[in-house]
Amino acid sequence: MKVTLSALDTYETSFTPLVVIELAQDVKEETKEWLKNRIIAKKKDGGAQLLFRPLLNKHEKETLGSDNLYLVGASRVRLLLGAEALGLVKESVDGTMRTFTYSTRGSFRGFHDDNDDFLTMTECQFIVKHELENLRARDEKMIPGYPQAKLYPGKSLLRRLLTSGIVVQVFPLHDREALKKLEDSWYTRFSLHCQPIDRIRGYFGETVALYFGFLEYFTFALIPMAVIGLPYYLFVWEDYDKYVVFASFNLLWSTVILEVWKRSCADMTYRWGTLLMKRQFEEPRPGFHGVLGVNPVTGREEPLYPSYKRQLRIYLVSLPFVCLCLCLSLHIMMIYFDLEDWALRVHEESSTEWTGVLLYVPSVIYAIVIEIMNRLYRYAAEFLTAWENHRLESAYQNHLVLKVLVFNFLNCFASLFYIAFVLKDMKLLGQSLATLLITSQIINQIAESLLPYWLQKKHSVKVKRKVQALKVDIDATFYEQVVLEKEMSTYLGTFDDYLELFLQFGYVSLFSCVYPLAAAFAVLNNFTEVNSDALKMCRVFKRPFSEPSASIGVWQLAFETMSVIAVVTNCALIGMSPQVNAVFPDSKTELVLIVVVVEHVLLALKFILAFAIPDKPRHIQMKLARLEFESLEALKQQDLRDVTGSG
């Protein structure tokens with residue numbers, strides 16, 4: 001008798017699996033039954049009203065000896081009601097973007113009673129995740145079978161199950177057919193075309209799509225810098241105001257591209273509906289702990305942690321640790337310069353091809369050490385930020401970003417500032433910039449995409465052999481997919497991807513006037529980065545849950561801050577250029593004053609440009625204003641009906 005892994009022969013199991021829940025191997029049966037009942041129970045009874053079944057039926061469990069994987073889905077009506085609860089925004093038949101409601105579902109474009117594609121699979125998985133996370137304890141004092149896993153009214157059950165180790169992971173399934181279509185239009189055929197951003201958004205969600213949209217935009221924005229920089233490098237125009245012209249263009253470029261990106265971002269997120277989504281009330285993050293109390297805002301019981309304790313941890317532990325790491329970074333930088341001096345002395349004593357190559361060795365070693373330190377510090381920063389015990393995920397992310405950016409900025413750019421403004425060696429500055437930029441790009445490509453892809457391919461082969469070796473007659477396609485995906489690495493978000501672009505932006509905007517090829521190398525790297533990042537999203541990592549986003553968040557501020565620093569840096573480099581110094585051969589004080597005045601004028605011009613270029617295109621502003629007007633009119637009509645009814 002043939003056993004089918006995906007048999008859907010009863011009403012309870014006849015649904016499209018959207019999400020997989022993996023339990024620990026030794027979870028007790030009473031816990032499994034309790035979890036199942038809470039997931040399938042009606043909303044009014046405190047359940048999620050979702051569909052739930054084990055991956056394997058009874059016969060398959062006996063055959064394969066595995067019963068810790070469960071599939072979760074939802075009926076069509078349940079998903080539509082979930083979309084309304086989350087405030088998803090969809091396009092209406094009149095072309096405007098409106099918040100979806102189940103009662104007015106017929107007024108939305110693409111909705112039909114027999115159409116299951118109105119909500120994308122990504123949106124359905126996001127709805128299921130939201131419902132699972134909002135399963136809350138009612139009368140239970142503990143998780144059945146685990147008295148040590150305490151519960152209190154209002155506590156998220158899924159978070160307690162995860163922190164207790166009962167649930168190993170929860171992840172959304174890939175759609176093999178849709179993924180194949182996305183790959184074919186994205187990266188499998190190498191050609192210079194724009195990415196299918198809307199398709200990426202439809203499959204991975206807005207946060208991932210915004211990253212790839214920004215990566216593509218930034219790459220094309222670098223092309224003018226690369227085109228202008230090539231003649232400077234090829235013809236070595238040292239005598240024709242090289243620093244002044246190139247640096248001046250650099251300043252305008254870094255300001256304009258960031259302001260224009262805001263407009264492009266607003267255009268995309270309006271089309272996707274996330275620009276109009278109302279911000280959800282933030283729940284405490286899973287790792288937050290404290291003494292049980294009542295939240296004065298929500299009235300719910302939840303852990304409370306005094307703010308002063310968190311501040312003490314930040315200022316007495318985290319801040320000194322970050323400062324210590326910065327000092328260590330500076331110490332290693334000085335060792336690098338000692339190596340540079342040694343290599344230069346060797347080259348001067350015996351000038352050969354080998355000693356010429358030796359001149360680049362310290363920079364290469366230093367670039368590798370920088371990457372290692374950045375990655376080690378990242379782990380330490382994550383541990384410290386978690387230990388600080390921030391209540392909200394947004395606060396946790398902001399503190400983590402600040403720690404990582406400060407260290408990475410100093411670690412990557414301190415040596416360049418030292419060469420530029422202490423040693424005043426422009427030739428060494430260009431050489432060091434080139435080595436750091438190119439080495440970091442090669443390391444990132446290998447560490448982030450090629451190595452994980454190779455390891456994943458090896459693991460996939462092992463799993464396929466294991467499934468094929470099973471001495472049973474089963475249809476193992478779906479089973480193999482789930483087992484492969486559960487062993488894939490978890491995608492931890494766009495943090496590292498944006499950080500890489502942020503550092504690249506720093507290399508290009510801060511010092512590229514002394515190494516004009518920086519932009520050209522960045523463009524070449526980014527063209528391959530698009531494909532390698534696409535590869536790792538589709539083949540290396542589990543499919544991430546989508547997260548609605550209206551912008552690139554704190555990274556917009558980070559890039560804008562870097563552009564302000566670039567103004568100061570480039571003005572200082574211009575003031576140090578031979579052409580400008582020749583104009584003021586005697587009065588260095590006058591030169592410094594003029595450079596400071598020019599820097600302030602350029603900063604003022606930068607902020608005027610930022611103010612003059614609207615963040616949202618005119619047509620988006622008009623549509624948003626119209627929706628606000630209609631909302632106010634509807635509210636007035638509702639108030640009028642209430643008054644009339646009460647009269």
Side-chain angles (χ1 to χ4, degrees), residues 210-211 214-215 217-222 224-226 229 246-262 264-265 322 326 329 370 374 377-378 381 397-398 400-421 429 432-433 436-437 440-441 444 494-516 518-519 521-523 525-526 529 551-574 599-600 602-607 609-610 613 615:
L210 278 175
Y211 162 69
F214 182 73
L215 173 59
Y217 171 85
F218 182 55
T219 302
F220 282 109
L222 282 167
M225 285 285 290
F246 197 80
S248 299
F249 177 79
N250 196 336
L251 299 179
L252 292 174
W253 169 84
S254 62
T255 300
V256 171
I257 65 162
L258 293 175
E259 294 304 315
V260 175
W261 162 251
K262 288 183 187 176
S264 301
C265 182
V322 172
L326 296 177
S329 174
I370 283 176
N374 284 345
Y377 176 82
R378 169 71 185 276
Q397 289 295 333
N398 289 339
L400 178 61
V401 168
L402 181 61
K403 287 186 185 73
V404 173
L405 286 188
V406 168
F407 180 80
N408 277 256
F409 181 85
L410 187 81
N411 199 31
C412 293
F413 300 121
S415 62
L416 301 178
F417 279 101
Y418 186 83
I419 295 169
F421 302 116
L429 177 61
S432 298
L433 174 60
L436 290 174
L437 176 63
S440 66
Q441 289 176 345
N444 284 324
T494 54
F495 185 99
D496 289 327
D497 299 312
Y498 278 120
L499 179 61
E500 187 179 341
L501 288 180
F502 171 78
L503 296 175
Q504 186 185 90
F505 181 66
Y507 285 126
V508 171
S509 61
L510 291 176
F511 302 104
S512 66
C513 59
V514 296
Y515 185 66
F521 277 115
V523 169
N525 173 78
N526 288 358
E529 184 82 14
S551 67
I552 61 174
V554 69
W555 291 104
Q556 181 76 37
L557 177 61
F559 277 87
E560 289 173 355
T561 303
M562 180 69 84
S563 69
V564 171
I565 298 172
V567 171
V568 179
T569 304
N570 282 279
C571 283
L573 288 173
I574 291 170
E599 174 241 318
H600 279 66
L602 287 172
L603 283 175
L605 176 62
K606 174 181 172 59
F607 291 120
L609 276 173
I613 301 175
D615 292 350

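Below, all heavy atoms of this structure are taken into account, side chains as well, without hydrogens, waters or symmetry copies. The residues of the chain are indexed from 1 along the displayed sequence.
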Inset, instruction - For Trp261 and Phe218, run side chain to side chain contact (heavy atoms under 4.5 Å, CB included): C-alpha distance rounded to whole Å, both residues' side-chain angles, the deciding distance at 0.1 Å, then the answer. - result: CA-CA 9 Å; Trp261 162 251; Phe218 182 55; over 6 Å; no
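- Considering OG of Ser563 and CD1 of Ile257, their distance stands at 8.5 Å, rounded to 0.5 Å.
- Going from atom SG of Cys412 over to atom OH of Tyr507 covers 4.0 Å, rounded to the nearest 0.5 Å.
- Considering CZ of Arg378 and CG of Asp496, their distance stands at 4.0 Å, rounded to 0.5 Å.
- There is a side-chain donor-acceptor pair under 3.5 Å between Gln556 and Glu560.
- The heavy-atom pair separating Ala519 from Met225 by the smallest distance is CB-CB, 3.6 Å.
- A side-chain contact (heavy atoms from CB on, under 4.5 Å) with Asn408 is found for exactly one of Val404, Leu410, Asn411, namely Val404.
- Side chain of Asn570 to backbone of Ser509: a donor-acceptor contact under 3.5 angstrom is found.
- Every ring-ring contact (aromatic ring centres under 6.0 Å, His included) that Tyr377 has, sequence neighbours left out, goes to Phe407.
- Checked against a 6.0 Å centroid threshold, the rings of Phe413 and Phe409 count as neighbours.
- Across Thr219 and Val523, no two heavy atoms sit closer than the pair O-CG2, 3.9 Å.
- In terms of heavy-atom proximity, Ala221 sits nearest to Pro224 at O-CD, 3.2 Å.
- Between Leu405 and Ala558, the closest heavy-atom pair is CD1-CB, 3.7 Å.
- The OG atom of Ser551 lies 11.0 Å from the CG atom of Leu557; values are rounded to the nearest 0.5 Å.
- With hydrogens and angles disregarded, no donor-acceptor distance shorter than 3.5 Å links the side chain of Ser432 to the backbone of Leu429.
- Take Phe607 and apply the ring-ring contact (aromatic ring centres under 6.0 Å, His included) test, not counting sequence neighbours, and it matches no residue.
- Between the NE2 atom in His600 and the CG atom in Leu603 there is a gap of 7.0 Å [rounded to 0.5 Å].
- For the ring pair (Phe, Tyr, Trp, His ring centres under 6.0 Å) with Phe495, the lone residue among Phe502, Trp555, Tyr211 that qualifies is Trp555.
- The minimum heavy-atom distance linking Cys571 with Glu599 is given by the pair SG-CA, 3.5 Å.
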Legend entry - Check against side chain to side chain contact (heavy atoms under 4.5 Å, CB included), Leu609 and Leu252: CA-CA 9 Å; Leu609 276 173; Leu252 292 174; 4.2 Å; yes
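- Distance CG/Leu503 to CE/Met562: 6.5 Å, rounded to 0.5 Å.
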Inset, instruction - May I have the step-by-step check of side chain to side chain contact (heavy atoms under 4.5 Å, CB included) for Leu210 and Thr494, ending in yes or no? - result: CA-CA 10 Å; Leu210 278 175; Thr494 54; over 6 Å; no
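- Phe421 and Ala572 make their closest contact through CE2-CB, 3.4 Å (heavy atoms, listed as atom of the first residue, atom of the second, distance).
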